[in-house]
Every structure is written in structure tokens, then in C-alpha cells.
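I'd like to ask some things about the structure below.
For the numbers below, each heavy atom of this structure counts, side chains included, while hydrogens, waters and symmetry mates do not.
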Amino acid sequence: MFERSRKTELDQQLPYLVHKKRYRKVREHYFCYPYTHIQARKSRGLTSKGITSGHCLQNPHTWLWALAAKKQLPLKRLLETTVMSHALESEKQISESSSNDDGARDELDVADMEKTMLGQTPFPQQLPVEPAPPLRRLDSKPPEVAKAEKEEEDTILSHLPEHEAAILKRQLDIPPVKLTYKSLYRYATRNDLLLMVLSSICAIVGGAVMPLMTIVFGTLAGTFQGFFQKTVTGAEFTQKIDHLTLYFVYLAIAEFVTIYVATVGFIYTGEHISAKIREHYLASILRQNIGYFDKLGAGEITTRITADTNLVQDGISEKVGLTMTAIATFVTAYVIGYIKYWKLTLILTSTIVAIIGTMGVLGRMMDKWNKASLAAYAEGGTVVEEVISSVRNATAFGTQDKLAKQYDVHLIEANKSGFKMKTTLGSMIGFLMCFIYLTYALAFWQGSRYLVAGDMTLNDILTILLSIMIGAFALGNVAPNIQAFATAIAAANKIYATIDRVSPLDPESDEGKKIENVEGTIELRHVKHIYPSRPEVVVMEDVSLLVPAGKTTALVGASGSGKSTIVGLVERFYDPVGGEVLFDGHSIQDLNLRWLRQNISLVSQEPTLFATTIFGNIRHGLIGTAYEHQSADEVRELVENAARESNAHDFITQLPEGYNTNVGERGFLLSGGQKQRIAIARAIVSDPKVLLLDEATSALDTKSEGVVQAALDKASQGRTTIVIAHRLSTIKHADNIVVMSLGRIVEQGTHDELLERKAAYYNLVTAQAIAAQTQAKDEAEEPILDEKDANLTVRTPVTEKAEFDYESDPNDLELGRTKTQQSVSSKILGGKANQDTPNYSLWTLMRLVASFNRQEWHWMLIGLFSSIINGAGNPVQAVFFAKSITALSLPPSEYGTLRSQTNFWSWMYFMLALVQLVFYLLQGVAFAYCSERLVHRTRDMSFRVMLRQDIQFFDREENTAGALTSFLSTETTHLAGMSGVTLGTILQVMTTLAVCCIISLAVGWKLALVCIATVPVVLGCGFFRFWMLARFQQRAKKAYEKSASYACEATSAIRTVASLTREVDVWEHYHAQLVDQQVSSLQSILQSSLLYAGSQSFMFLCIALGFWYGGTLIGRGEYSLFQFFLCFSAVIFGSQSAGTIFSFAPDMGKAKHAAAELKQLFDRKPDIDSWSTDGEVLQGMEGSIEFRDVHFRYPTRPEQPVLRGLNLTVKPGQYVALVGASGCGKSTTIALMERFYDPLAGGIYVDGREISSLNINNYRNHLALVSQEPTLYQGSIRDNILLGADKAPEDVPEQAIVQACKDANIYDFILSLPEAFNTVVGSKGSMLSGGQKQRVAIARALLRDPKILLLDEATSALDSESEKVVQAALDAAAKGRTTIAVAHRLSTIQKADMIYVFDQGRIVENGTHNELIARGGRYFELVNLQSLGKNR
């Protein structure tokens, strides 16, 4: 035993782990992994008395000391290492079945003897829909971090012998990549480079054109001045005006051509190069070894291939051209300024410093607040996704309001940051407007002094002023683009690191031998294995096993015993660190990897099908074999024969499109049994010598399992077969059964031999055994079709069942029967849905939006008033501009007047600058406040209304958790487009245009009318310039969505792709998709770039028209200089600024759509309304239940009967079990009890009252539901348990919580955690194992002391060990209450008071276990299917 002083030292060290979660991680990591515990015990030479599994939890200090000593590390370093390794491990991708062996997938609670893990029954990983990840995740690691990580990795591997560490390191190593911006163009072809050179020249010329316009403008103003000062004759004047006007036309043409070529060129090359990067990345990913994927975070590949490649494309596309144009504009502007008069140009440079400084500081602040706001919304989004994906749980427990309050906490946080961000944006616009007017004031004031001194002319002043303004704003546009380039390099870092990585197990390599005549003998010799992602755990130690050719070898054992590891080693997904694996006497390391995998077929627990036809999926099994290039007819024959062998041919031919039926993404259109049989057909189509079956039937129910098992038995004949099974009944007939435990082989032999030994295998069998077995007796079942049910919906006749020696899968008939109707009924349903969508008028929608801002009406008024003042700024400026030029045009004789007038108008500009600043700030604050309140209220209200809906709302395809989460995050934000902000923008633009037109018409109506005619063009130019830039980015993202989803589908199923050697096939498909997308997007680039180039150049033509006509009027003596400049600048510049402002307005089209969607959601009143106060309120409940002739169909599948005249009675306090094949209506019965749906006919009575007459919330308070997948939410264990209470959390006594936990058999486990009830459970409870989560869910259910307890397959997702613990908790919980339990494993319900056997929506028999066994009917048949006795 270790001394107390050491314990104290540890206590001093522990605060180093600043965050409490880290301590928990260390604790879980080292107290709860049995391997680590055993290894440490061995290495320290401790006996079992020294450290026991219970001991390690009670004495964590001792345990950590043992580890620190073992690893020869200081304690602080050990803790550091652990936290780091956990951080790395939590990022690990688990795709298809867990990429690691069953072992140590989650923390084990040794004290509870719970050897279960979260990954026990892997479900298909579905990536949550989330906003694009924040930039920081994509950034390349700074060198010091990378170095620290390298050291960290070395430390983690330091306890291993050198050669073992080297093997693991080789499988994980990612060489660092040093990238420069130039590296992004690594895959540019010669044509790309030539096109980029041409585009660069055009971009630079296009940028220089803009400031050149100022020279023409200044010269024109000088010509006017000369005309009025009589230094230019009338004829000369007209000729000069015509000449200069033509310059504008030439500039317009030059601008159009150069900008068009530059835009098209850069977008095209950017797209082409990024497509090449995507292709190389996918090719590289498909070549990597499986160990590499274990280290990747979930969804990391998806992020790389979608978000990151988009970021790279963004950094090498049109932004390069825009940056070159902006820099060229800035340089040209300055060159012009300095040539004209360097002193004034230097003075006005202060403007640039002010503009760039302000944009830099405020931009950074906006970025900071925006990130904070997005982060809060993302956390809120996680809450929404968790709640909606488990909405049945929230509805059953009536926790909608509590969960909505949790969401609101995040919304309030986001609201604060959003307000700061939008206020900063408003103030930034205010400052920029202020600087513009101050520049005018400074230019005119200082310029007038130089002019009087004779240093410069009016022409020079105007040219310099306009040049500096254009140059300053051009430079402002460079900053965001620089950010895009930096981001592109950061994003490319990870991509290029993968591309450059040489895979140690490269399936595309041609190295290695290929054996001519394959027998199929597999041998493991003294194999030791450690997973590269978990180097501290030895998964397999000294395993030797011979698998003879043509025989079936079964592997059994508890979770984590190393069964799946053997499959991984035979497929050579990993290299063992010791020993060797032989195939027909050759070490598999000497064999060609692709050839090896082509001779081995794998069927895993969760079969992965690809989004193509059934024929296409089975044909994937022929890739790389001799049959691949046979004629179409021969291939079809092979595919059909494989389907017949796997018992799949008949259900496939019943489908309307037969083998050409598309299975949907991941095969979701088929049932589990059907997918599994297609996967078996795919595995055997190439007639492989070796077949690996990794728990191929564990995820199926008994009936489907029978069909699939028959197919597997047929498939394994004459082949070397390795079977892994949890259900021991499936491997009774194996030639050799190998029992594994803790990475070693404990015993092997046949089923009967091992049973006689009464050792490990016998114990496993006993754990799953069922009370009695007698001989099977066939009983002809008459088809059940109730007449009353037939009246509800007419059904098409069932295809006759073909006679086979296996039980048919009920799902086959379902699919065969309904698929033909599907299209018709879905059309009818689709038609109905369309008719139901109401058309709201714009006024109705505006009233809805206004209702959310009703409380802020005074803020709204301030904002609208400020908008009007801001809108009037431009026309007022036009008056000042015209007055200033008139003053500066005075002849030398009136220089005194010139100075005093210029000073006055400069002060006027100064006043205007301050007024604009104040009112823009006011407008910014007012609208920011209103806008944030609007979004907050809308999100909160929408979420509450969603949770109000009944379950059938969530059953619809369009209302998945992902869709509703993204609806909440996007649609509510789009609503801003119809709020006060937009109204303010419209008011501002209208004021500008109206006042400009009125002033100019009053001063000079002729020129005003000509200029007003150009307003639509000028407005359009201002608007489209910004709008098109936004469009370019959106188009780039959208174009690659489809191919990205294809790539993600392939990479998330990387084990299936690897075992089928589909790497080249996947890449070719992807390449073809990219080529198609490039062709279609080129068309769109050519068209959209026309609009952008037009918006840049048409402005020149409008100015030309104004100057030419104005010059003509001046020449005729009709207009003065003041009239001309007032009309011209008011209308042309006014409408230009109006157009620019308009482009910043939120999208009104999206806003209208969002408002309509929200209105529809708010108007939807569910049939079963959780907000309703109607119905009888029960004071107490006895718990008697009766179903009377209940008929039911799911609203989303009205053509398919589920319950057909269900009658069952439950007495108070009875424990009733519902059993039957999958899809027979058991879970539906539970759903109807919870009143998630109402039956179509018949009634459900509780205590003699029809449940639809009771108050819905009060009724549900008497019920509690424990479902198959326990639902936990982010927060502590206490928070999760309190959700079960039917009163406010503060009213629940502590004693009640403790008692509920004790009853649920989880209290001791919670107390063993460092933070006990305050332990955080992680997203969806990910920090706890399956069994632990399930017991927390039971405690939550018991907290409300329900009169009726509903258990929906509460233990089916657990392994035998955890099942015992949870079943004990359930049995205790059921005492003294009415309990209805649905069970797949019949061993869990033997002691039930009454068992009801379901078949096709009706009860076919009922009684106790012994009665039903004696009867020898349907229940007896189900028991026999799961029986595990001796072979007879």
C-alpha cells in the first residue's frame, strides 16, 4: 500500500488540471479501463490483493501513483499526458462499426462490473447538421503546437519497446507541411497559368481605369471654369466636351472588357485548381490505412472536402482579381494625385489612415462579437438538435418548457454579442460617412489656399479629391481579401498534409506477392496487437489460432475481448505489433494488399450500402476480380445468383424496379434484414475463398435474423469462414468455437464439447439461456386481415409467399406490397400538402414580423427618423459640392470672395460630417437592438411552437432534427430582411432619391430629367456590384455540394470501401462528377460575370451622358456652373450611393419566404396539443389499462396497417410483456399509450376513462417511458434526472432524487464520480456508457413516481453483462406499478405476469411464460429461435 504522504502530494497536483472535466477524464481513463489496470498490476508485480478493480475506484490516489511509477513519469507529466491523449481520442472518428475493437470503446465502470461500452452496438454515424466550423479549427497548427504534439506522441509511446512504438508510429505519422501562398497553385496546369497571367494583366488595367476617370472629370470641370472665365471660346468648348465625353466611353469599354476577362479567368482557374486539389485529396484519403482514420475527428474529412476546399477555392478565385484591381486602383490614384500636386495629396493621405484604422479596429471588434454570437447560437443549436432528435422523450416527460428555457439561456448570450456586433457595424458606416465629408471639407479648404497661391487649379483639386476617395475605398476592399488568402493557406495545410502522406498500408500499391492457387487457410502466430489510437491498451496478447480452409470458425466472448480485432488483422486494416498473420502459409505483410482484400469478403454488423441501385451495390463485390470485365449478361447472372444464395432474390424481384431499385443514401430505403442480405450477396458474388462475418445479425430482430442466418449458413458452405457472434444461437453448428477474454484465447472446441467443459463458453450460454425447450411444432397461421381494417384503406393483394425452407422476412412483404402504391399515395399526399400551404399576403407577413418588435416601437421610430436624416445627407452634400466648385471657379480678381465662400462651405461639410456620424450611430444602435430582439423572440417562440407539435409532425420527412435545427438558425435570421432594418434602408434610399430629384428639378429641370433617366442603370450598377460578389461565393459552395456528399459517403464507410477495394472506382465516379460540375458552372460563370463587368462599367456611360448634355446646356448659356454641378452630382452620385446602400440590405426574398414558413408554423395547431388545458384532470390513478379494438396507421404511411383490432387488458400493478417480430405493432402500442398518436378506430382506456378525454399533460404525468436509446441532454447528471420531475426543479426534495437513483441501481456509481451528481454527461450523454445512460434514464423515469411504467426494449442495445445490471434495475422499478415492457430478448421477460404475443397488428396468444411454452405456439417458436441449449 502507498503512503499517505503520496496521496497528499497528488491532492496538491490535481488542482493543476484547472478544469474539473479534465480530472474526470484522467480518472475515467485510468480507473475505468480494465486493460490498463491489468497491465499496471503486471508491470508493478502486484498481486490481485494489491490492487483490485473495486480498489482502483475507491483509492484513485493509489491508482495514479501506480501508473506514475509504471510509466516512470512525474505525476504532473502523467496528468498532462492523459488529458492530451483523451483530447486526441475524443476526436477519433468512429465510422460504420467502431474502427477499434469492441474493447475499451468507452469508460468501464469496474465497480459496477459493467463491461459495456458505448460502441457496443454501433449505429450508423449521422453527422449533425451544423454551421460551418469556426476558422480556428481549420487553422494550421503553429510550429510550437505541432512540436508539443510530437513530444506528446513520443511520451505516449515511450512505455512500449522500440520496434512496437515504430510500428504504431508508422500507422499514425502525418509529416508536417510548410505552405506558402504559391503552394496553393501546385496543381495548376500550363493553360491555367497562362489564363491567370492574362487575367492578372486585365485586373490591373481594370483597376487603373477607375482613377483615370478622375482626370477626365477634373479636366471637364476645368473646361467649364475656362468657359465661364471666357478663356475658352464656345466652339473650342463644344469640341473639348465632345472629346472628353468620348474618353468616358472608351474608359467604359476598357473597364467592361478587362473586368470581364479577369473575373471569368480567375473564377475558372480557381475552380479548376481546387477541383484538382479535391481529387488528389480524395485519392490520398482512400489510400490511407484505417489507423489514420481512428485519429481523425468525426466529420473531419467532411469538413476538409467541403468547407476547407471551398476556403482554398475562395482564396485563389475572383478575390485574387479583386485584390489586384483594388491595389492597381490605389496605386494609380496616388500616382495621379502626386503628379497633380504632391502637397495636397500628402495632406489628404490622413483620410486613408483614418479609414483603414477605423475599419481595422472596428472590423476586428465585429469579428470578435460575431464569433461570440455564432458560438452561443451553435450551443443553442446543439440543445435544439438534442431535444428534437429525442422529441418523444421530451413529449413523454412534458419537459418542453424546461428545455425551451435551456435554449433561451444561449439565445440571451447570443443576443448580447449580436447587439454589440450590429451596433459596431452601424457605427463603422457612420465613421466612414463622416470621414468622406471631412475629406471634402479639408480638400476644399486647403485646396482653395493653394489655388489662391497659384500652386494649382480647380481641375487639380477635383482630380486629387476624387482620386484619393477612390483610392482609399479601394484599399479598404483589400483587407477582407487578405483574410481570405490567409484562411486559404491555413485550410490547405491539413489538406496537403494528407495528400503528401505516404500510407504504410497502401491498397493501390502493386508491391507484394499474389498466390496462384488460394486455399484459404488463415493462421495467427503469437499475435500481439495495440491500436495506434490507444497505445496504452494492449488489445491482444500472444494469440495463436488456426482457421482451416473451408471450415467455419466462430469467435465469441464479452465486449472488448478482441474478436473484431482478428477480423481487422486478417483484412490487414492494421499491422500487429508482435507475431504474424499468415494466409496459406505466407505472411500477409509480404502479399499484395489489394489482392489480399479481393480474396476476402467482409459482412459487418451495420452493412453499408452506397447510394446506387441494388444491382450496382452487389456488383461492387466484383471490383478487382476476374469477373469485373465480363459481359453485362454474365455480370447480371452472377449478381442474381449471389442474391439467390443470400435469400434476397425474391424480395428484390417483388420491388417495382427490381434490381434497378435505388437504395437511397446508406441504403435507408431498405429494412435492416434486406440491407444485410444485399451485403451478403455483395460479399459472395465474387466467390471469395474467405468470408468474415462480424456480428452480421446482432442488429436484427429474431424473425429477420432467421432469414439472414439461413443466408449466412448457405454462403459459408465450402469457404473459410470466421464468424463473430453475440447471439450464441447463431454459431452452434460452427466447426470450431473460439472463446476469447481480455485479448487472449481461453478455450476452443465444438459447441457440445465446450458445454460439457462447463467453463467460459458454458457461462456465456447460461447468461443468454432461456428457461425451457421442447420440440418445435409447425403451426399453420391463417393470414390476418380484419374486415373493419379493410374498410379503412383498400389494400392491394399480397404477392403469394414463395415456399422456402426459411422464415420470410416480414419487411419483404411490406416492401413488395406497398412500393407499387407508394408513388400513387405519395402523389396524393404530396398534392394534399401543397394545397394546404396557404398563401399569405405581404401585409399579413409584415404584421407578423412587426408583432415581434411591438415592444420596441419607440426604438423603431428613432431608427426610422435617423434613416430619413441619413438619406438627406447625400442631396445636401450635392448642394455643398456645387457651391464649393462655383466658389473655386471665381476669377483671380475675386480671390477674397473665393476664400471666404470656400471656408464657409468647408465648415458646412464639417457640420454635415458630424450630423451624419450622430444619426448613423443612432440608426445603428436602434436597429441593432430591434433586430436582435426580433431574432431572439422568433427563435424562442419557434422552438416552443415546435415542441408543442404532436409526434406525427416530427415523423414527416421534411421535419427531421437536422432540418428543424437549420430552420431555427437560418430562417429566423433571414427574417431581419422584413424588419425595421430593411424599412430603414428603404426609407433612406427613398429619401436620397426623392430629395435629389426634387432639388435638381427645382434648380435645372432639363439636365435633371436626363440624369434621372439614368437612375435605374446607376442604381442597378451600385446594387449588382456587391450582389454579384456575394453570388459568386454562394455559387461556388452550391456547385460542389453533390460531389462532396458522394465523397463523404465513401469516406465515412472507409472500411467497406477498403474491403471491397473500391478506391479507384470511387475516385473515378468523383472525378466524373467534378468534370460535369465544371462544365455546367462555366456556363454560369460566363453569364454572371457579364452582369458584374456591366455594373462596373455602365457608370462611366451615365457620367458621360450627364457631362455631354450638361456641357451642351452650358454652351448654350442656359445653365450656370452651380446648376450643372448640383443637378449632376445630386442625381448621379446620389443614386450611386443609394444603390450601394441597397446592396447591404438583407435579402427581402428570403425574408418573405422565412416569414411565410414561420407564419405557417405558428398557425399550426396540433391534434394532440401539449399546450391544451382541456380534458379531465385526474387526482390519482390505479393503473388499469384496456385497448378495445384499436386500429392504427401511421399518418406518414397511411397505406400500411399497423394495428388491426388490438385488444389487451392490463390490471393495476401487473407486469405485462409484449413480444413479436419486428414491425408487428409493439412499439406502436407504447406510443399510443403515451398518446403520441390517436387511434383511427377503437379506444384506449385507463381506469375506465378514454385517454383522449383526459387532460394531456396531467395524464402523461402519471406515466414514465424508458426507451431503447436512452436520451440524456447536455448538463449534469442532476439536471438530467430532474427533467423527470412533474414539478419545478427547486420543489424536488434531495431525498427523492437519491431514492430514484437507488431504485435505478445507479446511486453508488454516481457517488464514485469526482463530482457525483454534478458530473457533466456530455452531448447526448456521450461521457457515460450505454448501461450507465440507461440507468440514469430509469432514475429520471422513477423520480415522478409513475403509476404506469412503459419499457420499450430498454435493454436491447446492451451486451449481456450490462443487461444484467440494467434488468435488475428495471425489475426493481416495476414493483408496485403497472408495467408494459416490449422485449426482443425473451430471457428478460420470463417472469412477466402476462405475455402478449403480437403478429401483424393483433394479439395471437397470451399467457405466462410457462403456459405459452406448454401451448407450443408462436411464442414457443420465438423462444426456440433464440434458444441456446445443446444441439439435438
Exercise. Between Val478 and Ala326, which heavy-atom pair has the shortest distance, and what is it?
Worked result: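 That would be CG2-CB, 3.6 Å.
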
Exercise. Minimum heavy-atom separation for Gln916 to Gly873, with atom names?
Worked result: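 The pair with the smallest heavy-atom distance is NE2-CA, 3.5 Å.
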
Exercise. If you measure from CE on Met365 to NZ on Lys420, what distance do you get to the nearest 0.5 Å?
Worked result: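 Those atoms lie 9.5 Å apart.
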
For this session: Please step through side chain to side chain contact (heavy atoms under 4.5 Å, CB included) for the pair Met421 and Lys368, ending with a clear verdict.
Result: CA-CA 8 Å; Met421 196 273 287; Lys368 177 182 153 195; over 6 Å; no

Problem set entry | Euclidean distance, Met366 CE relative to Met359 CE, rounded to 0.5 Å |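 Interatomic distance, Met359 CE to Met366 CE, rounded to 0.5 Å: 9.5 Å.
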
Problem set entry | Ala203 backbone acceptor or donor facing Thr325 side chain under 3.5 Å |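 Yes, the answer is positive, given that a donor and an acceptor are paired below the 3.5 Å cut-off.
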
Exercise. For Met911, does the CE atom sit with more than 12 other heavy atoms under 6.0 Å from it, leaving out its own atoms?
Worked result: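 Yes, because the 6.0 Å sphere around CE of Met911 holds more than 12 heavy atoms from other groups.
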
Exercise. Could you give the distance from SG (Cys434) to OH (Tyr920), rounded to the nearest 0.5 Å?
Worked result: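 The OH atom of Tyr920 is 11.5 Å from SG of Cys434, to the nearest 0.5 Å.
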
Exercise. Does Trp907 have its ring centroid less than 6.0 Å away from the ring centroid of Phe904?
Worked result: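 Trp907 vs Phe904: aromatic centres not under 6.0 Å.
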
Exercise. Of the non-hydrogen atoms in Ala488 and Gly315, which two are nearest, and what is the gap between them?
Worked result: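 Residues Ala488 and Gly315, closest heavy atoms: CB-CA, 3.8 Å.
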
Problem set entry | Exceeds 12 heavy-atom contacts within 6.0 angstrom, atom CD of Glu894 |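 Counting neighbours around CD of Glu894, more than 12 heavy atoms of other residues, nucleotides or ligands fall under 6.0 Å, so yes.
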
Problem set entry | Over 12 foreign heavy atoms within 6.0 Å of CZ, Phe485 |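 Yes - once you tally the heavy atoms of other residues, nucleotides and ligands closer than 6.0 Å, there are more than 12.
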
For this session: State yes or no: are the ring centers of Tyr1092 and Tyr260 separated by less than 6.0 Å?
Result: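 No: the rings miss the under 6.0 Å criterion.
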
Exercise. So, for Thr902 and Phe444, which heavy atoms are closest and what is the spacing to 0.1 Å?
Worked result: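 Minimum heavy-atom separation between Thr902 and Phe444: CG2-O, 3.2 Å.
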
For this session: Run the numbers on Tyr181 and Ile316 for side chain to side chain contact (heavy atoms under 4.5 Å, CB included), then give the verdict.
Result: CA-CA 9 Å; Tyr181 183 70; Ile316 59 175; 4.0 Å; yes

Exercise. Just by distance, do the side chain of Ser1000 and the backbone of Cys1127 share a donor-acceptor pair under 3.5 Å?
Worked result: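 Not at all, since once roles are kept as given, no pair shorter than 3.5 Å links the two residues.
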
Problem set entry | Under 3.5 Å donor-acceptor, Thr992 side chain and Gly871 backbone |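 A pair under 3.5 Å: yes.
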
Exercise. Does Ile1103 reach the side chain of Met1099, with side-chain heavy atoms less than 4.5 Å apart?
Worked result: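 Yes. Closest side-chain heavy atoms under 4.5 Å.
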
Please output the side-chain donor-acceptor pairs of residues 342-357 that fall under 3.5 Å, not counting sequence neighbours, one pair per line with the distance.
from	atom 1	to	atom 2	distance (Å)
Thr345	OG1	Gly337	O	2.8
Thr345	OG1	Tyr341	O	2.9
Thr349	OG1	Tyr334	OH	3.0
Thr349	OG1	Thr345	O	2.8
Thr349	OG1	Leu346	O	3.2
Ser350	OG	Ile347	O	2.9
Thr351	OG1	Leu348	O	2.9
Thr351	OG1	Thr439	OG1	3.2

Problem set entry | Centroid-centroid distance, Tyr909 to Phe880, less than 6.0 Å |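 Yes - the distance between ring centres of Tyr909 and Phe880 falls below the 6.0 Å cut-off.
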
Exercise. Do Phe419 and Ser931 come within less than 4.5 Å of each other through their side chains, counting heavy atoms only?
Worked result: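 In short, these two side chains do not touch, never coming nearer than 4.5 Å.
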
Exercise. Do other residues, nucleotides or ligands put more than 12 heavy atoms under 6.0 Å from the NZ atom of Lys240?
Worked result: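 Atom NZ in Lys240 is not crowded, with 12 or fewer foreign heavy atoms closer than 6.0 Å.
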
Exercise. Side-chain contact, heavy-atom cut-off 4.5 Å: Val331 with Val335?
Worked result: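 Val331 reaches Val335 side chain to side chain.
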
Exercise. Does the side chain to side chain contact (heavy atoms under 4.5 Å, CB included) test come out yes or no for Leu1007 and Gln1123, once each step is laid out?
Worked result: CA-CA 9 Å; Leu1007 181 57; Gln1123 282 174 301; over 6 Å; no

Problem set entry | Straight-line distance of Leu462 CG to Ile885 CD1, nearest 0.5 Å |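 Here the interatomic distance stands at 4.5 Å.
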
Exercise. Is the shortest heavy-atom distance from the side chain of Thr269 to the side chain of Ser199 under 4.5 Å?
Worked result: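 No. Closest side-chain heavy atoms not under 4.5 Å.
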
Exercise. So, do Leu898 and Leu451 sit near enough that their side-chain heavy atoms are less than 4.5 Å apart?
Worked result: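 Contact flag for Leu898/Leu451 side chains = yes.
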
Exercise. With sequence neighbours left out, which residue pairs that include part of residues 458-476 fulfil the side-chain hydrogen bond (donor to acceptor under 3.5 Å, both in side chains) condition?
Worked result: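 Only Thr214-Ser467, Thr457-Asp460, Asn459-Thr463 qualify under side-chain hydrogen bond (donor to acceptor under 3.5 Å, both in side chains).
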
All N/O donor-acceptor pairs, side-chain side in residues 244-257, below 3.5 Å, sequence neighbours left out:
from	atom 1	to	atom 2	distance (Å)
Thr245	OG1	Ile241	O	2.6
Tyr247	OH	His243	NE2	3.4

Problem set entry | Non-hydrogen side-chain atoms of Ile464 and Met456 separated by less than 4.5 Å |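 Answer yes - side chains close enough.
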
Problem set entry | Heavy atoms from other residues, nucleotides or ligands near CZ of Phe1122 exceed 12 (cutoff 6.0 Å) |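 Counting other residues, nucleotides and ligands, CZ of Phe1122 exceeds 12 neighbours.
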
Exercise. Looking only at side chains, do Gln923 and Ser867 share a donor and an acceptor under 3.5 Å apart?
Worked result: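 Their side chains do contain a donor-acceptor pair, which is all the 3.5 Å distance test asks for.
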
For this session: Please work out whether the ring planes of Phe217 and Phe1107 are parallel, tilted or perpendicular, with thresholds of 30° and 60°.
Result: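 The rings of Phe217 and Phe1107 stand perpendicular, inter-plane angle above 60°.
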
Problem set entry | Exercise: identify the closest heavy-atom pair between Pro211 and Thr332 |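 Minimum heavy-atom separation between Pro211 and Thr332: CG-CB, 3.7 Å.
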
For this session: Give the ring-plane orientation class for Phe1125 versus Phe881, where under 30° counts as parallel, over 60° as perpendicular and anything between as tilted.
Result: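 Perpendicular.
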
For this session: To the nearest 0.5 Å, tell me how far Phe227 CZ sits from Thr238 OG1.
Result: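 Result: 7.5 Å between the selected atoms.
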
For this session: Please check if the side chain of Thr1014 supplies one atom and the backbone of Val1017 the other of a donor-acceptor pair under 3.5 Å.
Result: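 Absent.
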
Problem set entry | Which atom of Tyr1119 lies closest to which atom of Lys1006, heavy atoms considered |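 Looks like OH-N, 3.1 Å.
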
Problem set entry | Spacing of Phe237 atom CZ and Ile1114 atom CD1 [to the nearest 0.5 Å] |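 It comes to 5.0 Å.
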
For this session: Show your working on side chain to side chain contact (heavy atoms under 4.5 Å, CB included) between Met908 and Val879 and close with a plain yes or no.
Result: CA-CA 10 Å; Met908 284 291 101; Val879 176; over 6 Å; no

Problem set entry | Any side-chain heavy-atom pair of Phe1100 and Met210 under 4.5 Å |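 Yes - at least one pair of side-chain heavy atoms lies under 4.5 Å apart.
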
Exercise. Going through the distances and angles, do Ser889 and Thr886 end up as a side-chain hydrogen bond (donor to acceptor under 3.5 Å, both in side chains)?
Worked result: CA-CA 5 Å; Ser889 306; Thr886 313; 6.0 Å; no

Exercise. Would you call Arg1116 and Leu1113 a side-chain contact if the rule is heavy atoms closer than 4.5 Å?
Worked result: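 Yes, close enough: below the 4.5 Å cut-off.
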
